[in-house]
Amino acid sequence: MLDCAIVGGGPAGLTAGLYATRGGLQNVVMFEKGLPGGQITQSSEIENYPGVTGDITGMDLMQPWPKQCMKFGLKHEMAEVSRVSKNGETFIIALSNGETYEAKSVIVCTGSVPRRAGFKGEDEFFGRGVSTCATCDGFFYKGKEVAVIGGGDTALEEALYLAKICTKVYLVHRRDKFRAAPNTVKRVEETPNIELILDSVPEEVYGDAMGVTGLKVKNTKNGETTDLSVPGVFVFVGNNVNNEVLKQEDGSWLCELNEQGQVVVNLKMQTSLEGLFAAGDLRIDAPKQVVCAAGDGATAAINAIAYVDEHFNK
Ligand SMILES: Cc1cc2nc3c(=O)[nH]c(=O)nc-3n(C[C@H](O)[C@H](O)[C@H](O)COP(=O)(O)OP(=O)(O)OC[C@H]3O[C@@H](n4cnc5c(N)ncnc54)[C@H](O)[C@@H]3O)c2cc1C
């Protein structure tokens with residue numbers, strides 16, 4: 001019986017592993033289907049992790065994290081978890097290879113995947129001018145023009161964020177109205193360096209070996225194509241949280257999720273089910289930043305230790 005099972009080995013899972021083992025839990029296993037590190041390992045540059053001053057990639061940032069955790073006894077199982085369920089006081093961790101583990105507590109840290117809009121060149125230039133995170137990459141376009149794709153709250157908030165850094169933001173939306181909160185729409189409309197390109201969809205992002213040089217946008221009403229000479233294209237068309245492990249055999253969920261499928265937690269990272277914690281990008285209101293995911297992982301582990309102590313070490 002594991003004291004704690006951690007599902008996912010990104011910044012949240014690894015930090016949870018560090019705090020859980022160093023805090024005295026025994027038999028802590030982190031299940032990660034790939035190499036530990038999480039989605040930040042896809043990033044060619046990270047500048048906003050505190051204390052990092054050099055030019056480093058996401059891979060460089062994450063490389064020492066597993067070694068640090070293993071030093072305190074974290075075990076890494078390279079396996080995909082198919083389902084987490086609970087039987088009485090015991091959690092059952094079912095793996096895709098058919099094996100099962102039992103655990104007293106579980107911290108789910110399976111992260112999220114930003115959705116792609118699906119236009120030509122989007123995948124080719126992802127990380128080289130196409131981004132899904134203004135907080136992460138906006139600074140690289142300081143004093144330049146960028147395009148934002150999307151019409152929901154995130155797209156508009158990110159456009160407002162970019163408008164403070166960039167000289168101009170083209171906001172491309174396929175409809176003539178935004179889905180965002182009215183107050184956010186008003187703020188966007190009142191921002192002089194945001195130009196709305198409505199009823200329009202991105203057709204192709206193009207560039208050269210150095211990265212993106214422009215975006216072709218098509219008006220869906222009159223069929224006209226416009227060329228935007230921008231080095232940066234930010235795509236905000238939604239985010240899928242990796243919550244599948246919480247789906248039960250009968251189709252119900254192990255704990256409460258919101259309408260976007262994000263796990264509802266409190267400030268202790270406790271879910272609606274005792275002994276089950278969630279941390280990082282898959283929780284409600286996640287800022288989707290490495291430093292925040294790591295902080296969540298630490299919080300979840302500290303509270304998992306308290307839970308195990310209280311329920312099993314009387
Ligand atoms: C291109 C890019 C650039 C970014 N740039 C920055 C930046 O500059 N600064 C910043 O702070 N943030 C940045 N981010 C965001 C940051 O990467 C995330 O906020 C952070 O990684 C979230 O951490 P997490 O641990 O919650 O989830 P993730 O990093 O998504 O890790 C989840 C892990 O769980 C594993 N997993 C999922 N399902 C299962 C399963 N069923 N079984 C086993 N394992 C599973 C996955 O393989 C993955 O390793 C960037 C993201 C991307 C994609």
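As the structure lists them, so they are numbered: ligands from 1, and atoms in each ligand from 1.
Aromatic pair F91/Y101: ring centres not closer than 6.0 Å. Here F125 and Y206 keep their ring centres 6.0 angstrom or further from each other.
Note: F178 and H173 have parallel aromatic rings, judged against thresholds of 30 and 60 degrees for the angle between ring planes.
Contact check for Q270 versus V265: no side-chain heavy atoms found under the 4.5 Å cut-off.
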Ligand 1 N/O to protein N/O, distances under 3.5 Å:
residue: ligand 1; atom: 9 (N); partner: N48; partner atom: OD1; Å: 2.8
residue: ligand 1; atom: 11 (O); partner: Q289; partner atom: OE1; Å: 3.0
residue: ligand 1; atom: 11 (O); partner: V290; partner atom: N; Å: 2.8
residue: ligand 1; atom: 17 (O); partner: I40; partner atom: N; Å: 3.4
residue: ligand 1; atom: 19 (O); partner: D281; partner atom: OD1; Å: 3.0
residue: ligand 1; atom: 19 (O); partner: D281; partner atom: OD2; Å: 3.3
residue: ligand 1; atom: 19 (O); partner: K288; partner atom: O; Å: 3.3
residue: ligand 1; atom: 19 (O); partner: Q289; partner atom: N; Å: 3.2
residue: ligand 1; atom: 25 (O); partner: P11; partner atom: N; Å: 3.3
residue: ligand 1; atom: 25 (O); partner: A12; partner atom: N; Å: 2.9
residue: ligand 1; atom: 26 (O); partner: D281; partner atom: N; Å: 2.8
residue: ligand 1; atom: 29 (O); partner: Q39; partner atom: N; Å: 2.9
residue: ligand 1; atom: 30 (O); partner: Q39; partner atom: NE2; Å: 3.0
residue: ligand 1; atom: 41 (N); partner: V81; partner atom: O; Å: 3.0
residue: ligand 1; atom: 42 (N); partner: V81; partner atom: N; Å: 3.0
residue: ligand 1; atom: 44 (N); partner: K33; partner atom: N; Å: 3.2
residue: ligand 1; atom: 47 (O); partner: E32; partner atom: OE2; Å: 2.7
residue: ligand 1; atom: 49 (O); partner: E32; partner atom: OE1; Å: 2.7
residue: ligand 1; atom: 49 (O); partner: E32; partner atom: OE2; Å: 3.2

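Summarising the geometry of G150 relative to L171, their closest heavy-atom pair is O-CD1, 3.6 Å, with the distance given to 0.1 Å.
The existence of a salt bridge linking D296 and R283 is confirmed by a sub-4.0 Å separation between a basic side-chain nitrogen and an acidic carboxylate oxygen.
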